[in-house]
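Everything below concerns the one structure shown next.
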Amino acid sequence: MSGLEARVHVERSAQFRLDVELTIPEGRTVALLGPNGAGKSTAVATLAGLTPLQAGHIKLDGRVLDDPAAARFVPPEERQIGVVFQDYVLFPHLTVAENVAFGLRSGGSTRAEVKSEVVRWLDRFGLGDLAVARPPDLSGGQAQQVALARALITEPKMLLLDEPLAALDVTTRAQLRHELIDHLEGFSGPRLLITHDPTEAFLLADEIYIIEGGRITQVGSADDIRIRPRTSYIADLAGSNLLVGSAAAGIVMVEGFELLVGDTHISGPVLATVHPRAISVHRRHPEGSPRNTWQTEILRIEHYGDRVRLRTGDPLPLTAEVTPVAAEALALSAGSKVWISVKATEIGVEAD
Amino acid sequence: MSGRVASALLAGVLSACSPGGASAEVLVSAAASLTDVFAEIEDAFETANPAVDVILNVAGSATLREQITAGAPADVFASADLRNITVLSEDGAIKSGITVFATNQLEIAVPPGNPAGVSGLADFERTDLLVGLCAPGVPCGDFARSALQLAGVTPAPDTNEPNVRALLTKIAAGELDAGIVYTTDVVAAANGVDGVMIPASHNVTAQYPVATLIDSPNPEGAAAFVAFVLSPSGRSILAEHGFGVP
Amino acid sequence: MDRPTVTKRGVSGPPLVIVLLAAVGLAVFVVPLFGLLVQTPWGGLARLLSSDVVLDAIRLSLVSSIAATVISAVVGVPLAWLLARVDFPGRALVRGLVLLPLVLPPVVGGAALLFALGRRGVVGEPLYEMTGLVLPFSTWGVILAATFVSMPFLVITVEGALNSLDRRYEGAAASLGAKRGAVLRRITLPLIRPSLVAGLVLAWARALGEFGATITFAGNLQGRTQTLPLAVFVALESDRDTAIALSLLMVVISLTVLVVLRSRWWRPS
């Protein structure tokens, strides 16, 4: 089949062991989401060919890149996998144009071909004015664009992005996230996004692999992961509600629904996050402060361990979490009519 | 330069460290070719004078002269040639009269078994052999050149070694086919070389003078040591090592 | 690369104790030089330095120190690369062996070279029988002795630079299709250039000043094996003025090269 099929097994010590399976079809973006130290960077290194597998295999478009059992190992320079490294790893002694040209020069293109291609790609990324700048003089956003151009210009068969937005400040991050979505859509091969940021994974990936302690603990869409988190890490970090809307004067409009938020200064397109445990569930209209209060119906209810997750219906579908004791006291079940309330200050807002 | 400074510093430290030092120590600066024989004379002298500690400072004669000029403390100077001691005498650094206490002759040193079949001074002209001399300015080098001149030989040395020990090392290792050294160096079995005699008509006699110094910290000790070198005991030790005793 | 500039304003002077100790430290270097300058026979300097002995020694010193530096670069950089990049058995021992000449008295090194590569040495004897080549008492012997004592400076500097280089630069280059040789040439070497240049300069300076191993292994013959340090040593026994003039010349050559290189290419990264 075309796309990536991999089982990555690397064991460094009793403490560190990475054993994950990944399948990424052509034209799809998979996010590998997990905390620091989960083994994400090692996974990048094995796929790129910088660290050999100890067991398992890596196949790209049907070609075996690494298979210790068959004693097959394709070195990184022959893998045709474009990599955007964490912190971008631009060559500091080369100009922006030379960085972007690097892959083509290695591929044996003529000087003239390289030159015209580089000009084309620099323009495409709006980097034309920075052609002779050196990496240390670039902003984080510019460096990311150069790294992306450098990887894409060689027309790789797969794209690996290791924390492409982590090094950026908040405002640049929102802008570049949109641009990144465009670039990913323009790339036809499989794409793997390594990130520790659930928002990034939800917005950029078609499918999310959660990695914890070197193992995949859950695979699914953003919705799957939100409603049925399989571990407490997933529940805590990846299980948040992510709402896309626009803000003005302390109010965020999400598909026609008004949410009051704590941040009264932000305006324009925003991402709002609401943690499931920040949502209160009541049988009757609650008294007191929360002004974000509405009535809805419970669509689904999932019990697992010491938590109960609820999926609520219109006007604003959300995932909420309550304790089993509360669920019992409120006699919650699918179809129950409930009141939902969220404090304005519990809603995180950032520019989109 | 730095060697001289270091030696001067070291000598200073040594004398500063010994409590009541002057009467108990005799500082003897002796030419490198006297290393072995003076070590034995030191032992014999100390046995005869248990209260006295002889400290030997061994180096090339010119180096020793430089040290003394630079103010390094010394009681006795035993040189391998007359030139260096005469220079000191002209500087007014010598106290007593200069006495020649030993003589030495030259000999051709070859590796054990004489693999290149060296037979005389004429072989020092041959370019197919590897031959070495002491450098000009070093007593053994100057003597060797005088001998070669007497034999009418223009030498083609492959190296001019800074002192006779360095020359002997390379001959003993077989890296040089021949070199001109002192008879005493061939006699000393520890050097591991064989000798080829130089005819008396071409040979040169090196004279070893000894003198006490004007700035001697221990004049009595100095005089006693020189007297011992010139005594029958001293002379017999010198003779055992192959030196001529006048 | 992009360092904040420290302005003089608002920074109080350095502590007196440090200044005093630093001055003593500096004196260790400056006082001997001063001694040399005081003794220099300035009037006859031009005549002393234009003698055959001196000109031959200058030529031989430059040729042998540069040759030793080139050889060190050609074989020392790969050695440093292996030490830094390949985890082979006995690596610690190899590293120790490479650094040994740094602590070994050069005379011992020269003697070891003589026993190994001399005409009767374990390697030198078969070499001599096969090729007729005799390393002692030849300019090649001088170059070999200089390489022996100077290469560790290059290896230690380059290995240190390779160890502290972010390996991901090389990984990024490989992922962009660059073969290992190209990665080394286009990424690794340019990135460690400041250390490489520093290592080359240190190695050259050490080769230029080499004495003990040279005189022990290669001997001393004007025009063939007598480098500047050997000429100084021999002249000290016989011709003090020439010795001092030569010493001064070595100081000037070394200082000029070190200062010029330091300001031009050898900037700390």
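Residue numbers begin at 1 in each chain, while the letters A, B, ... track the order of the sequences.
Taking all atoms of both residues into account, the shortest heavy-atom contact from A:Thr46 to A:Pro52 is CG2-O, 4.5 Å.
When heavy atoms are compared at a cutoff of 4.5 Å, C:Arg167 does not approach chain A at all. Proximity to chain C (any heavy atom under 4.5 Å) is restricted, for A:Ile81, to the backbone atoms N, CA, C and O. Both the backbone and the side chain of C:Ala178 come within contact range of chain A, each with at least one heavy atom under 4.5 Å from a heavy atom of that chain. Using a 4.5 Å cut-off between heavy atoms, A:Gln86 contacts chain C through both its backbone and its side chain.
Along residues 145-165 of chain A, the residues that come nearer than 4.5 angstrom to chain C, judged on non-hydrogen atoms, are A:Arg150, A:Ala151, A:Thr154 in order of number.
Annotation: side chain of A:Leu104 is not in contact with side chain of A:Glu113 (no heavy-atom distance under 4.5 Å). Between C:Tyr169 and A:Leu90 the shortest side-chain heavy-atom distance does not fall below 4.5 Å.
Salt-bridge check for A:Arg173 with A:Asp169: failed, with every basic side-chain N at 4.0 Å or more from each acidic carboxylate O. A salt bridge between A:Arg63 and A:Asp61 is absent, with no side-chain N of the basic residue lying under 4.0 Å from a carboxylate O of the acidic one.
Per-residue heavy-atom pair counts under 4.5 Å with chain C were compared for A:Glu78, A:Arg105, A:Gln80, and the maximum is reached by A:Arg105.
Using modelled atom types and a 3.5 Å distance limit, the side chains of A:Thr195 and A:Glu200 yield a donor-acceptor pair.
Below 30°, between 30° and 60°, or above 60°: for A:Phe91 and A:His93 the angle between ring planes is between 30° and 60°, a tilted geometry.
Judged by distance alone, with hydrogens and angles left aside, the side-chain atoms of C:Glu210 form a donor-acceptor pair with the main-chain N or O of C:Thr214 at under 3.5 Å.
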